[in-house]
K.L.:
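Can you read through this structure? Questions will come right after.
Everything numeric in this text was worked out from a predicted model, so none of it was measured. Numbers restart at 1 for each chain; the letters A, B, ... are given by sequence-line order, proteins then strands.
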Number of protein chains: 2
Amino acid sequence: MYDELKYWYLRDHKLFWTLSMSQIKQLCIITGFKKANKGDIIYFSSSDLPRIFLLKKGNIKIVSIDEEGNETIKEILQKGDLFGELSLEADDSVNEYAKVLTDEVSICSFLLSDFEDLLVRNPTLALSYTKFVGLKMKRFKNNYSNLVSKDAKTRLSSFLKDWAEREGIQDGKKYTINNYLTQADIAQIICTSRQTATLLLNELEEKNIIYYNRKEIIIDDIEKL
Amino acid sequence: MYDELKYWYLRDHKLFWTLSMSQIKQLCIITGFKKANKGDIIYFSSSDLPRIFLLKKGNIKIVSIDEEGNETIKEILQKGDLFGELSLEADDSVNEYAKVLTDEVSICSFLLSDFEDLLVRNPTLALSYTKFVGLKMKRFKNNYSNLVSKDAKTRLSSFLKDWAEREGIQDGKKYTINNYLTQADIAQIICTSRQTATLLLNELEEKNIIYYNRKEIIIDDIEKL
DNA sequence: CGCCAAATGTAAACTACCCGACATTTCATT
DNA sequence: AATGAAATGTCGGGTAGTTTACATTTGGCG
C-alpha cells in the first residue's frame, strides 16, 4: 500500500543515497508512518522499542524535562531531520518528547535494531551516518559556546540569522521566515526568559532591523542583524 | 621499533577490541607517537592532515578561542580518550588546541583517512565508533542543560561529583582526587568567573564538605555534595 | 635562599537578566 | 458577537554573577 511512498521518503534523504533499492526496501518493510497535528505530543524516548524517526514534513520541537520539571527546548527540527535514539543506544535517563509546531507533520520511523543491521551491512552508510552524528555534535558544541560567551541579544541575533538561512525565503539580503514559533519558544531556544525575548524582539523591530508578527518574520538586511 | 608498543596502546582501548591483530597492525603502521610535558600546547585542528588522537597517559584540556579571543574549555580528557576530528570531517572553522595539564602525557595519532578506510572495512567497528560519538554528544547535551537550568554552585557540585567518580580514588563514601586543575580551570569548566569559583570552593571547604589544595581534593562524603 | 610569576583570596561597584504581577492583544471556538 | 485562553507587552524590584582592583600565598627555579 504505502510502500512506494515510504520508499521515496527514505530515498530522497541524503543519508540514504548510497543504498540500493533493495536495501531501502528492506528498511521500508519495517517502516512506521504517522501523521500528527499542531500541538500534538509525540513520546519517543521511553517508547516500547527504541526507534529512529525521520521528520518528513513540518516542524517539531524536542523538549526535555528534568527532575524539577524544568522544560528545555533541545532542538527545533525541520523537514528531513532525524531524531530519536540517534546515538544508537537506548537511554531511559533522558526524558524527552516531541511537540508539533506546524499545522500538519508526517513522520516515519524504523526500529533501531533494523537500522543497526543495515549499518553493519553497509559500511559506507555507516560512515555517512557517523559523520552525520558528528555534525550534530558540532552544532551542539557551537550553541554551547554561544551560551557561555554571548549575551541574550547576541544569541537572539545569531538564532535569527541561523533560522533565516536554514528556512527563510531569500531575496537578496532580505529574508522572510515562516514563523511557527511563539516568543516563549524563541526565549527557550536562546536560553532567556520570555520577557527578555519580547523586549529584545521589540527592540530589533524599533530599529527596523526585523519585522515581527505571529505569522512571519521579515529581516530586511541580514547583515544588520 | 615502537610497533609493539603502539600495538598494545590501541589494543587495550575498548573501541578496538573487535579488531583482529592484523587490522590493528594496519592502523599502527601509520600511527604517530608523541610525548609532551605540562604546559605544552598541541595544535591539532589546523594541522597538515586531519588526524584522530588517542590520549594514552596523563590529562589535557581542549580549549577553543572565538573571534573575540575568548578562551573556552571544551573538554578535559583523561587516559584513553580520543580527540581531534572525531566527526570525521575536517573543519577549519573551529579554532581548537590542547594544553597539557599533567606532568607528562603520551599521545598517539593516526590519519583520518586511514581510520575511515578501517571503518569501511569493519562495519562492527564503525557501529561502535558511532555509538561512541553518540555518547559524547549526549554528555555535551547534558552539560548544556546543566548550564541552562542550574546555578554556579550546583554546577560546581555536579562537576566535582563527576570528576570524583571518573578519576577519584574511592574509599567508601570518601573520594580523593588528584588535582591537576587550577581554580581558573574549574571556573571555565563550570562556566563562571574565577572569583566565583574560588568563593564557592572555599564555601564548600568551610562546610567541611571538601578539602581542597593544589595537589588534591578530598571529598569526605560524596552524598553531601 | 631569594626572586618572580602564577595561583589564590577578598571586597565593592555594577549590570544583565530573572521573576512576579499585571494589562493588552490576538485568535480560535461556539 | 461573545468568550476565554494563549500570546504578547510593560514595569520595577531583587540578585546571582561579572568586573575591576588589589592583597596574599605558593611553588618553581636560578
K.L.:
How long is the line joining CG of B:D103 and P of D:dG27, in whole Å?
P.N.:
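Those two atoms, CG and P, are 14 Å apart.
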K.L.:
Specify the separation, in whole Å, of atom CG of A:D151 and atom C1' of D:dT19.
P.N.:
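From A:D151 CG to D:dT19 C1': 15 Å.
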K.L.:
Going by side-chain contact (heavy atoms from CB on, under 4.5 Å), name the residues that satisfy it together with A:K38, two or more places apart in sequence or in a different chain.
P.N.:
A:D103
K.L.:
Rounding to a whole Å, what distance do you find between A:R214:CZ and C:dT24:P?
P.N.:
16 Å
K.L.:
Considering residues at least two apart in sequence or located in another chain, which fulfil the side-chain contact (heavy atoms from CB on, under 4.5 Å) criterion with B:D40?
P.N.:
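For B:D40 the side-chain contact (heavy atoms from CB on, under 4.5 Å) partners, ignoring immediate neighbours, are B:A36, B:N37, B:V100.
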K.L.:
Checking A:T176 against A:E216: is there a side-chain donor and acceptor pair closer than 3.5 Å?
P.N.:
no
K.L.:
For DNA chain D, write out the stems as range with range, using runs of 3 or more consecutive Watson-Crick or G-U pairs with both distances under 3.5 Å.
P.N.:
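Stem segments, range with range: C:1-30 with D:1-30.
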K.L.:
Can you list the residues that meet the ring-ring contact (aromatic ring centres under 6.0 Å, His included) rule with A:Y97, with sequence neighbours excluded?
P.N.:
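With sequence neighbours excluded, A:Y97 shows a ring-ring contact (aromatic ring centres under 6.0 Å, His included) to A:Y43, given in chain and number order.
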K.L.:
What is the distance from NZ of A:K150 to C1' of D:dT18, rounded to the nearest Å?
P.N.:
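Atom NZ in A:K150 sits about 17 Å away from atom C1' in D:dT18.
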K.L.:
Mind listing the side-chain donor-acceptor pairs of residues 142-152 of chain B below 3.5 Å, one per line with the distance, residues two or more places apart or on another chain?
P.N.:
{"from": "B:S145", "atom 1": "OG", "to": "B:K141", "atom 2": "O", "distance (Å)": "2.9"}
{"from": "B:S145", "atom 1": "OG", "to": "B:N142", "atom 2": "O", "distance (Å)": "3.3"}
{"from": "B:S149", "atom 1": "OG", "to": "B:S145", "atom 2": "O", "distance (Å)": "2.9"}
{"from": "B:D151", "atom 1": "OD1", "to": "B:T154", "atom 2": "N", "distance (Å)": "3.1"}
{"from": "B:D151", "atom 1": "OD1", "to": "B:T154", "atom 2": "OG1", "distance (Å)": "2.5"}

K.L.:
Considering only heavy atoms, which members of residues 178-189 of chain A lie under 4.0 Å from some atom of DNA chain C?
P.N.:
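Correct list: empty, so none.
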K.L.:
Not counting sequence neighbours, which residues clear salt bridge (charged side-chain N to carboxylate O under 4.0 Å, His left out) with B:E104? List them please.
P.N.:
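If we apply the salt bridge (charged side-chain N to carboxylate O under 4.0 Å, His left out) test to B:E104, skipping adjacent residues, the hits are B:K57.
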K.L.:
Pick one: which of A:K61, A:E167, A:K215 meets side-chain hydrogen bond (donor to acceptor under 3.5 Å, both in side chains) with A:Y180?
P.N.:
A:E167
K.L.:
Rounded to the nearest angstrom, tell me the gap between atom CG in A:L156 and atom C1' in C:dC17.
P.N.:
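Computing the A:L156:CG to C:dC17:C1' distance gives 14 Å.
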K.L.:
Which residues, if any, of residues 190-203 of chain A bring a heavy atom under 4.0 Å of DNA chain D?
P.N.:
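DNA chain D contact set from residues 190-203 of chain A: A:R194, A:Q195, A:T198, A:N202.
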K.L.:
Quick one: salt bridge (charged side-chain N to carboxylate O under 4.0 Å, His left out) partners of B:D81, sequence neighbours excluded?
P.N.:
none
K.L.:
A:N213 CG to C:dT26 C1': how many Å, rounded?
P.N.:
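Rounded to the whole Å, the gap is 11 Å.
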K.L.:
Residues two or more places apart in sequence or in another chain: which of them pass salt bridge (charged side-chain N to carboxylate O under 4.0 Å, His left out) with A:E75?
P.N.:
A:K136
K.L.:
Excluding sequence neighbours, so at least two apart, what forms salt bridge (charged side-chain N to carboxylate O under 4.0 Å, His left out) with A:D91?
P.N.:
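Partners of A:D91 by the salt bridge (charged side-chain N to carboxylate O under 4.0 Å, His left out) criterion, ordered by chain and then number, come out as B:K138.
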K.L.:
Output side-chain donor-acceptor pairs under 3.5 Å for residues 204-211 of chain B, partner residues at least two apart or in another chain, one line each.
P.N.:
{"from": "B:E205", "atom 1": "OE2", "to": "B:Y212", "atom 2": "N", "distance (Å)": "3.1"}

K.L.:
When the nearest nucleotide of DNA chain C is assigned to A:K153 and to B:E205 on a heavy-atom basis, which residue is associated with the more 5' position?
P.N.:
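Result: B:E205.
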